[in-house]
Number of protein chains: 2
Amino acid sequence: MRILLVEDDRDLGPRIARALRDERCAVDLVADGIDAAHLGETEQYDAAVLDLGLPGQDGIAVLRAWRGAGRDLPVLVLTARDGWSDKVAGFKAGADDYLVKPFRVEELVMRLRALVRRAAGHAQPLLRAGPLSFDAPTGTFELDGLPLKLTALEWRVLSQLMLRKGAVIERLDLLEKVYEGDADTDSNSLEVIVGRLRKKIGAALIETVRGRGYRLVGA
Amino acid sequence: MRILLVEDDRDLGPRIARALRDERCAVDLVADGIDAAHLGETEQYDAAVLDLGLPGQDGIAVLRAWRGAGRDLPVLVLTARDGWSDKVAGFKAGADDYLVKPFRVEELVMRLRALVRRAAGHAQPLLRAGPLSFDAPTGTFELDGLPLKLTALEWRVLSQLMLRKGAVIERLDLLEKVYEGDADTDSNSLEVIVGRLRKKIGAALIETVRGRGYRLVGA
DNA sequence: GCTCCTTATGCGTATCCTGCTCGTCGAGGA
DNA sequence: TCCTCGACGAGCAGGATACGCATAAGGAGC
């Protein structure tokens, strides 16, 4: 899961980033509105967390820029002010959710997960694929009912596949979402991770689509 | 827009209903958990607003019942309690958003709008052409209802044709799209691919337009 | 120390292109 | 209308290639 975090507070930004990374997310943290607008338009993210009070460019303007460019990634907006007009402006510009500071980081994570789950077209908090189940709110996998222990990268790959079960996920998409920004295309690390995943959950579950990517077989 | 509103407060319920109707929503207001579970499972709504403190049946149980029945309508949960565990339980049961009483009705309306907007973005129809169907989100083809196995280049060609079904796709356009820029014009590789495709899906489906390109016959 | 991630190598195979011949289409003229 | 000729596309098969997998070794981080 790759998240774009736009937060200029030098204390809060890294704190959120750490919490998200603890939840196995790949996080790109930017403090500037210009960078945020650019990254959001060009890179592939599963969701964005956007602070409204930014230097350089207003958060709302950033959001408008994304939407204007046709980006429909889920956006969770943060604000220090509790102002009503702020919320109105945020939603009008296309925000999906809203959180007022101060907040519990756990709540942010939960809301983010709910957003991503919904954006993937799933309402069910529990996703299944054969013997595999994925609890979206907590982000835990189970295999045949037993907790499945995965490393961070394994988790990112498998959750991507799970969120779009049955769909072909392109190699490049996977690389972009799994690695933070710097995806190295000529490296076989993705194959190695997939290989280890297959060893853990059974080779049949992850299907290779030669020349394109991988697919989690539905069931 | 049709909304299911589950709220037992005799004052708040009608107030929310009125506000939603002012926004041109069709609102069904129920005060009882049993009715709520039943309506949510049988009727078609664009979204639901669900109060957690209900007589008869717990709100969480209602939500679980909907999700258990495969209902994936967006659900916004209301609660009087500000307890953290409440939120966790709500999200775990499959809620999409959460609002703590007291709140401004306008905020409820806006959050609901955001939910519906995002949920609506996923209705993408299946593309069909004769016995062939293409599911764009998952990127998979089916022939007579059976999954069709294609190589990377075959897939690119066929999806190009499918996305502009009925139109003539020029050779050069196809070459550009299939070979991403470095297309070799004096080579018959495209013909070879088309030939293999015809062998897989039936020769009649892809029509040759001499001197220009190919056309996927519509149906 | 351990776990985890990356890189490097070799190998088997699906996939793709080349180069060829043959069939077919269509324009132009009688 | 019919015929002829040139150009375009189809089909085939061989070999080259790139793709993905397994495995092991090297390092980084906790």
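Small disclaimer: the values here were computed from a predicted structure and weren't measured.
Within the 3.5 Å criterion, the main-chain N or O of B:E191 finds no donor-acceptor partner in the side chain of B:N188.
When rounded to the nearest whole Å, the span between CG of A:D186 and P of C:dT6 equals 14 Å. Rounded to an integer number of Å, the gap from B:L172 CG to D:dG9 P is 11 Å. Atoms CD1 (B:I193) and P (D:dC12) sit 16 Å apart, rounded to a whole Å. Atom CG in A:L153 sits roughly 13 Å away from atom C1' in D:dG29 (whole-Å rounding). B:I206 has its CD1 atom 15 Å from the P atom of D:dG9, to the nearest Å. If you take CD of B:E207 and C1' of D:dA10, they are 16 Å apart, rounded to a whole angstrom. Distance, A:E191 CD to C:dT13 C1': 15 Å, rounded to whole Å. A:K200 places its NZ atom 17 Å from the C1' atom of D:dA22, with the value rounded to the nearest Å.
Axis angle, first five pairs versus last five pairs of the helix from C:dG1-D:dC30 to C:dA30-D:dT1: 50°, rounded to 10°.
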Please tabulate, for the side chains in residues 24-31 of chain A, all donor-acceptor contacts under 3.5 angstrom to protein atoms that are two or more places apart in sequence or on a different chain.
| unit_1 | atom_1 | unit_2 | atom_2 | d |
| --- | --- | --- | --- | --- |
| A:D28 | OD2 | A:R2 | NH2 | 2.7 |
| A:D28 | OD2 | A:Y45 | OH | 2.7 |

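Applying the side chain to side chain contact (heavy atoms under 4.5 Å, CB included) criterion to A:Q160, with sequence neighbours excluded, gives A:D46, A:L174, A:K177.
Within the structure, ring-ring contact (aromatic ring centres under 6.0 Å, His included) contacts touching residues 92-115 of chain A (residues at least two apart or in different chains) are A:F91-A:Y98. Screening residues 8-17 of chain A for side chain to side chain donor-acceptor pair (under 3.5 Å), with sequence neighbours left out, gives no hits.
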Given the rule in the salt bridge (Lys or Arg N to Asp or Glu O under 4.0 Å) test, do B:D97 and B:R113 qualify, once you have shown the distances and angles that lead to the verdict?
CA-CA 12 Å; B:D97 200 350; B:R113 271 197 197 294; over 6 Å; no
Run A:R21 and A:E180 through salt bridge (Lys or Arg N to Asp or Glu O under 4.0 Å) and show every step you take.
CA-CA 11 Å; A:R21 293 209 176 96; A:E180 307 183 356; 3.1 Å; yes
Evaluate salt bridge (Lys or Arg N to Asp or Glu O under 4.0 Å) for A:R67 paired with A:D96, printing each intermediate quantity in order.
CA-CA 12 Å; A:R67 297 306 188 212; A:D96 294 286; 3.2 Å; yes
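Within the nucleic acid shown, A:V192 comes within 4.0 Å of at least one base atom, counting heavy atoms only. Here B:K199 lies in heavy-atom contact (under 4.0 Å) with sugar-phosphate atoms only.
Phosphate proximity of D:dA10 to B:T208: present, with a side-chain N or O under 4.0 Å from OP1 or OP2. Close to C:dC17, at under 4.0 Å from its OP1 or OP2, lies no side-chain N or O of B:S187. Not one side-chain nitrogen or oxygen of A:Y214 sits closer than 4.0 Å to the OP1 or OP2 atom of D:dC19. Applying the 4.0 Å criterion to OP1 and OP2 of C:dT3, one finds that A:T151 has every side-chain N and O outside that range. Between C:dT6 and A:Y179, a contact under 4.0 Å exists linking OP1 or OP2 to a side-chain N or O. Taking 4.0 angstrom as the limit, A:R171 places a side-chain polar atom (N or O) nearer than this to OP1 or OP2 of D:dG20.
Between B:W155 and B:F141, the two ring planes are perpendicular [angle over 60°; tilted spans 30° to 60°].
By the 6.0 Å contact criterion, NZ on B:K101 is enclosed, its count of non-hydrogen atoms from other residues, nucleotides or ligands being greater than 12.
Which of C:dC16, C:dC4, D:dC21 sits closest to the side chain of A:K149 comes down to C:dC4.
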Please write out each protein N/O paired with an N/O of nucleotides 20-24 of chain C under 3.5 Å, distance rounded to 0.1 Å.
| unit_1 | atom_1 | unit_2 | atom_2 | d |
| --- | --- | --- | --- | --- |
| C:dC20 | N4 | B:N188 | ND2 | 3.4 |

